[in-house]
Novice: 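Dumping the structure here so I can ask a few things about it.
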Amino acid sequence: MDSTTNGTRTMTYIEAITDGLRTEMRRDPDVLVMGEDIGGDFGGAFKATQGLEAEFGARRVMNTPMTELAFIGAATGMGLMGLRPVIEVQFADFISTGFDSIVQYAATTHYRWQAPVPWVIRAPADGGIRSGPFHSQNPEAWFVHTPGLKVVAPATPADAKGLLLAAIRDNNPVIYFESKPLYRSLRGEVPEGDRATPIGRARIAREGHHVTVITYGEMVRQALLAADGLAPEITVEVIDLRTLKPLDRDTVTASVRKTGRAVVVHAANRLAGVGAEIAADLGQTSFEYLDAPICRVGGLDVPVPFSPPLEDAYRPGAGDITAAIRETVAY
Amino acid sequence: MDSTTNGTRTMTYIEAITDGLRTEMRRDPDVLVMGEDIGGDFGGAFKATQGLEAEFGARRVMNTPMTELAFIGAATGMGLMGLRPVIEVQFADFISTGFDSIVQYAATTHYRWQAPVPWVIRAPADGGIRSGPFHSQNPEAWFVHTPGLKVVAPATPADAKGLLLAAIRDNNPVIYFESKPLYRSLRGEVPEGDRATPIGRARIAREGHHVTVITYGEMVRQALLAADGLAPEITVEVIDLRTLKPLDRDTVTASVRKTGRAVVVHAANRLAGVGAEIAADLGQTSFEYLDAPICRVGGLDVPVPFSPPLEDAYRPGAGDITAAIRETVAY
Amino acid sequence: MTLLPDDLNVDLHYWMRLTRTMDDQLVNLWKQGRGVGTTFNQRGHEAISVGAGMALAPDDVVAPMHRDLGCYLVRGMTPRRLMANQLGRATGVTRGRDSNLHGCGDLSLNLIGFISHLPQSMPVALGAAMSFSYCSEPRVALTFVGDGSSCAGVFHESLNLAAVQRAPFVVVIENNQYAYSTPLHQQMAIDDLAVRASGHGVESRTVDGNDVEEVYRSVKAAVGKARDGGGPTLIEARTMRMLGHAIHDGAEYVPQELLDDWSARDPLLLHEEKLTSRGLVDHEYLARVAEKCREIVDDAVEFAESSEWPDPGTVSDGVYAA
Amino acid sequence: MTLLPDDLNVDLHYWMRLTRTMDDQLVNLWKQGRGVGTTFNQRGHEAISVGAGMALAPDDVVAPMHRDLGCYLVRGMTPRRLMANQLGRATGVTRGRDSNLHGCGDLSLNLIGFISHLPQSMPVALGAAMSFSYCSEPRVALTFVGDGSSCAGVFHESLNLAAVQRAPFVVVIENNQYAYSTPLHQQMAIDDLAVRASGHGVESRTVDGNDVEEVYRSVKAAVGKARDGGGPTLIEARTMRMLGHAIHDGAEYVPQELLDDWSARDPLLLHEEKLTSRGLVDHEYLARVAEKCREIVDDAVEFAESSEWPDPGTVSDGVYAA
Ligand SMILES: Cc1ncc(C[n+]2csc(CCOP(=O)(O)OP(=O)(O)O)c2C)c(N)n1
Ligand SMILES: Cc1ncc(C[n+]2csc(CCOP(=O)(O)OP(=O)(O)O)c2C)c(N)n1
Ligand SMILES: [Mg+2]
Ligand SMILES: [Mg+2]
């Protein structure tokens, strides 16, 4: 962290996460963090919780055994009793180990007996960093399809903090997908103090007229790179969804109605991914406005492969987005 | 089971499942069935395995403890050793309890180290029968999104048998979603002996010219009902997908290019469901052919509610399909 | 073993009788085609659900399961709300959202609702216990699981986490000899389910689940220990599921001798015999209580059957908390 | 306790030395920036992975885990294929699909590959054992798990199912005192991990995981029992993870005294001392073996580094079996 300029500080994406945790833990004694290896000086596999035990004590920074079902379920019980646990699963890939606790118990509780379950799961997701099939996944579609959850996916340090604040304050189970490739490679201005980014509102990351790119997480950076390369010839509007459930359909629809063209991008497997929902919805609601087919860009229908040439072939990037935009605009 | 007519017999949907199991167990000594309560005279929560232990013995009809992770994982190990286990999860809803075994282990094994995992999970799915949020789910989208699995969903007794045969003979992990409301309410002609329905090929359940309805499972029956009601004014082509992964995009695309209009229907939650993939794909590949927006009909973004008026409001039926068709055709 | 106070024994009897009456009525309703969906049979489980429920203090939290009708009643969930839930009415605990006893939680009664996926309530109840430690509150959380559920991974994960956290947590196994149609020996290679605790460093004991006094006493002791910072306890209560798994299940797979053995030890009748033989109550009293329970249950049925169905327009309400 | 045959002890030494040499070389490669992704440290685990691997018959099946490099080697996976896998090459076991030791299965070697989700190999290996019963084959399946994994639900589900099936199945817990950064006392409330078996009716014992003879003998006995229809066994082998969890982890959280204690009992050096003190081999021999292992490993590195990268055009190949 460095330079303070009128109420903001330059931080990396992961520093912003830690700052968000610290902000909420200072503000609200009911907020605690729990997960594998998050305590002590160690501070988690990615160090996102480093320093928290020193400041807040072991009671509020709880190292758990490697038992995702038990500790996510326990977080649900704590939430029911009024606490606000923030769970770290070590990698987003391991969220499937606690699946029942999430999609069956926590997701349905308020609908069934009106009891709020105010937890957050922080899930370090995403690939591109040579971590292989089990440390590179983007499993958000499973949760977007499941009724009763909220899902967020910050693309910037400011939102990494802002969405975390909002998620912790939300009275529902929120899954917060972090993008590992952004952790230390993306820096940005982050508001100090407690400025939350509201859940459910997308952001126009860049204005443009010829085509709208709708995306989230690390792919926002890739889309902006693509847009840079295409300007001024083609001006690209980039929408950073920020929240995947509930989707901000209004912002997306307004932009696509303006540009008449859409490219939907995510790093997750393209097949039956969140992008399919967005494209299908636009196709239905904005049929008359579309000047070209909506193009989807995403991961292949393949486990994320380890070896660099394979992972690069699997994973979309600025080049694929550029090609999709060109094709869509040329249509 | 009754009346044999040239090589077919009239059976209910669930009788066809039992017939399929029996056919394969007779044909191949490596086929076994396993799951909770499936053995003995009891024969499973829905009696699909009744009579199998008497014929094949307890070695091939294995009652398991209520431990989905362990017995699905064990089936993977048996499959690796060359057996062909057919697992029954008691309700499709409990498939989430064995999630890691399926989506992480079995789904990725062949890609990673070229070892085939030839099991089938039979998952009694679907609602409309007042069974509440945990005995009514249609969780296929989770698995269609996951690389490495195959997913089938028969709509008729003939396919209930034929797809089961194909699934058991397939060298990959196949999830076979049965529709509980069809079990005893749908009868049809079923070929005797071992006529498999190939995985990956859809079926034109009814020909028509004005609009294509793309669906699967119990919604095929609902779509046919809707089509009956609309004929002869509107002729509806109904596609029974049969397989959800891999999707038969060719059949779907050809039909929609012919009719120019599509309605995609499933009982599963509409949001980010399999229908979104189909609609998004058609929107991209058949943009020029579409005379109307593709309409999606599906369950609400709500856990399946128990009480009849709520479940009816949640769940699509012939009426909703009729309305969607009318709207699409009138566009 | 010292006897329980007389008043308490009389109370225990009342709740067991009410549970039995309501359960019998549920069976009737379903036989008469007045049910909606399914209903779980309670017969045989009354001493466990009532005895454990009564051993808790009002501030304690409990997550009862599908054979714990008695516990819901003891903890203040009214027969009206429960019956209306069974019949899918707007006045039911879940306003028609969830079925039979599923989801019958109410935080104002310190009751946590369950889901079908067994035993997913266990870590949730543990989390409640952990929150009491977090907040330094002298409260305890309790939940029930079946013999079948004691095979499941999350049962073991929860016991392990409870032990390492020394959480004020009590788990009661209702060992009713079967998981649906599957007898114990097809589920596990142990005879004594209390040993499930030993691999996690949790104390445990086995009690007669048809003796409500014994259940009460052992749970009370475990709750007291937990409240005093002594950590979790597992109690195996042995009983027999006297009817099918749920209403549609004729349970033909259960040997008749087994049922005969256990029916001689019906938990409600055993307790009634105790009360009369100790001279605490007479047969007339028992008849009066039975009558009163019938009235309460009849009232609940009438309430439920005359309650409104949920408005389909509200189907999407309440998925999220505000 | 009787000594193992001399030849066997010499073999055990060879495989441990090869494992150590390869592990040291992996550490070097990564320090020099020649690695791809991450690599798991093996130091401290050699006696367990080698001893258990050697105790199996050729037809037996094993699912080694992330600290069982020794077992892969013993079972015939070549250093070349393993090294190429670590470096993501087309010639690696997974043809670049999976990382480090993940997915290093090969049915022709009776090796089952693992996934990260721990310990999901356990029911899979159990399933192999169950298939041997199904086919009446006199074969056994074995897998390893960590102390951390012994907390996980699927570990318990698998032991329970193994017990009820009386499967020819052996599980070795590698208790290395830590799960990543988390010491035992934050993971569990027990001291003796062999008790994990008792809640499932599975026999178990604890052995010195740094004494390759003891590991071999106990696994051999368990495998023999399983082959004779005696059912599953759990063996806790105690050791210490002498380096970080994986290459990037400096393990500053481990107290230096703990490392000092254990480094005095290095499994490889202990065994070398045994061999020389028993007069089986001399120092010159040990030097020759070390030299030979270095050559093998250098060859593997050269092979791997000069191997082709996978062709990106093949990225979608092999998701499905034909
Ligand atoms: C994870 C899971 N799998 C399957 C089921 C289906 N099921 C419902 S109750 C039951 C048996 C439960 O047995 P037990 O735990 O002994 O409780 P009991 O019903 O005997 O009280 C089963 C298999 C379930 N509820 N949850
Ligand atoms: C289900 C699951 N959650 C989290 C992880 C992340 N993780 C990888 S190794 C590890 C520690 C494992 O400890 P242990 O089982 O003792 O094995 P060791 O690494 O010490 O040999 C953790 C938490 C994982 N692999 N699987
Ligand atoms: Mg039971
Ligand atoms: Mg360990």
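Heavy-atom basis, side chains included; hydrogens, waters and symmetry copies ignored. Order of the sequence lines sets the chain letters (A, B, ...), proteins ahead of strands, with each chain counted from 1.
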Novice: Pick from His102(D), Glu157(D), Gln120(D): which one has the most heavy-atom pairs with chain B under 4.5 Å?
Specialist: Glu157(D)
Novice: Of the backbone (N, CA, C, O) and the side chain (C-beta and beyond), which part of Leu159(D) lies under 4.5 Å from a heavy atom of chain B, both, or neither?
Specialist: neither
Novice: Measuring from Arg59(B):CZ to Ser136(D):OG, what's the distance to the nearest 0.5 Å?
Specialist: 6.5 Å
Novice: Looking only at heavy atoms, which two atoms of Ser121(D) and Tyr105(B) are closest? And how far apart?
Specialist: OG-CE1, 4.0 Å
Novice: Within the 4.5 Å heavy-atom criterion, are Thr108(B) and Arg97(D) side-chain neighbours or not?
Specialist: no
Novice: Could you tell me which portion of Ser116(D) (side chain, backbone, both or neither) has an atom closer than 4.5 angstrom to a non-hydrogen atom of chain B?
Specialist: neither
Novice: Please round to the nearest 0.5 Å and tell me the distance separating atom CG of Asp98(D) and atom CH2 of Trp113(B).
Specialist: 11.0 Å
Novice: Which bit of Val319(D) is near chain B, if near means a heavy-atom gap under 4.5 Å: side chain, backbone, both or neither?
Specialist: both
Novice: Shortest non-hydrogen contact from Tyr320(D) to Lys245(B)?
Specialist: OH-CE, 3.4 Å
Novice: Is the number of heavy atoms from other residues, nucleotides or ligands under 6.0 Å of Glu308(D) CD greater than 12?
Specialist: no
Novice: Would you say that more than 12 heavy atoms from the other residues, nucleotides or ligands in this model lie under 6.0 Å from the CZ of Arg27(B), or not?
Specialist: yes
Novice: Tell me, for Ala129(D) versus chain B, whether the close heavy atoms (under 4.5 Å) come from the side chain, the backbone, both or neither.
Specialist: neither
Novice: Please look at Pro85(B) and chain D and tell me whether the side chain, the backbone, both or neither of the residue comes under 4.5 angstrom of a heavy atom of that chain.
Specialist: neither
Novice: Just give me the residue among Val93(D), Asp106(D), Ile112(D), Leu126(D) that pairs up with chain B most often, heavy atom to heavy atom, under 4.5 Å.
Specialist: Ile112(D)
Novice: Please look at Asp317(D) and chain B and tell me whether the side chain, the backbone, both or neither of the residue comes under 4.5 angstrom of a heavy atom of that chain.
Specialist: backbone
Novice: Enumerate donor-acceptor pairs with a distance under 3.5 Å from any side-chain N or O in residues 72-80 of chain B to protein atoms, sequence neighbours excluded.
Specialist:
unit_1   : atom_1 : unit_2    : atom_2 : d
Thr76(B) : OG1    : Ile72(B)  : O      : 3.2
Thr76(B) : OG1    : Trp119(B) : NE1    : 2.9

Novice: If we define contacts as heavy-atom pairs under 4.5 Å, which of Leu149(B), Asp170(B), Leu69(B) has the most with chain D?
Specialist: Leu69(B)
Novice: Does Arg169(B) have more than 12 heavy atoms from other residues, nucleotides or ligands lying within 6.0 Å of its CZ?
Specialist: yes
Novice: For Pro123(D) and Ala70(B), which heavy atoms make the closest approach, and how far apart are they?
Specialist: CB-O, 3.5 Å
Novice: If you count heavy-atom pairs within less than 4.5 Å of chain D, which of Gln104(B), Met62(B), Lys150(B) leads?
Specialist: Gln104(B)
Novice: So does Glu203(D) have more than 12 non-hydrogen atoms from other groups sitting under 6.0 Å from CD?
Specialist: no
Novice: Measure distances from Phe132(D) to the heavy atoms of chain B and classify the residue's part below 4.5 Å as side chain, backbone, both or neither.
Specialist: side chain
Novice: Which atom pair, heavy atoms only, marks the closest approach of Leu83(B) to Cys135(D)?
Specialist: CD2-SG, 4.0 Å
Novice: Take a 6.0 Å sphere around CZ of Arg166(D) and say whether it holds more than 12 heavy atoms from other residues, nucleotides or ligands.
Specialist: no
Novice: Please report the closest heavy-atom contact between Asn63(B) and Gln165(D), naming both atoms and the distance.
Specialist: O-NE2, 4.5 Å
Novice: What closest approach, in Å, do Met81(B) and Leu107(D) show between heavy atoms, and which atom pair accounts for it?
Specialist: CE-CD2, 4.0 Å
Novice: Before giving the answer on side chain to side chain contact (heavy atoms under 4.5 Å, CB included), spell out for His156(D) and Thr67(B) the whole-Å C-alpha distance, their side-chain angles and the decisive distance to 0.1 Å.
Specialist: CA-CA 10 Å; His156(D) 292 277; Thr67(B) 52; over 6 Å; no
Novice: Does any heavy atom of chain D fall under 4.5 Å from the side chain of Thr109(B), the backbone, both, or neither of them?
Specialist: neither
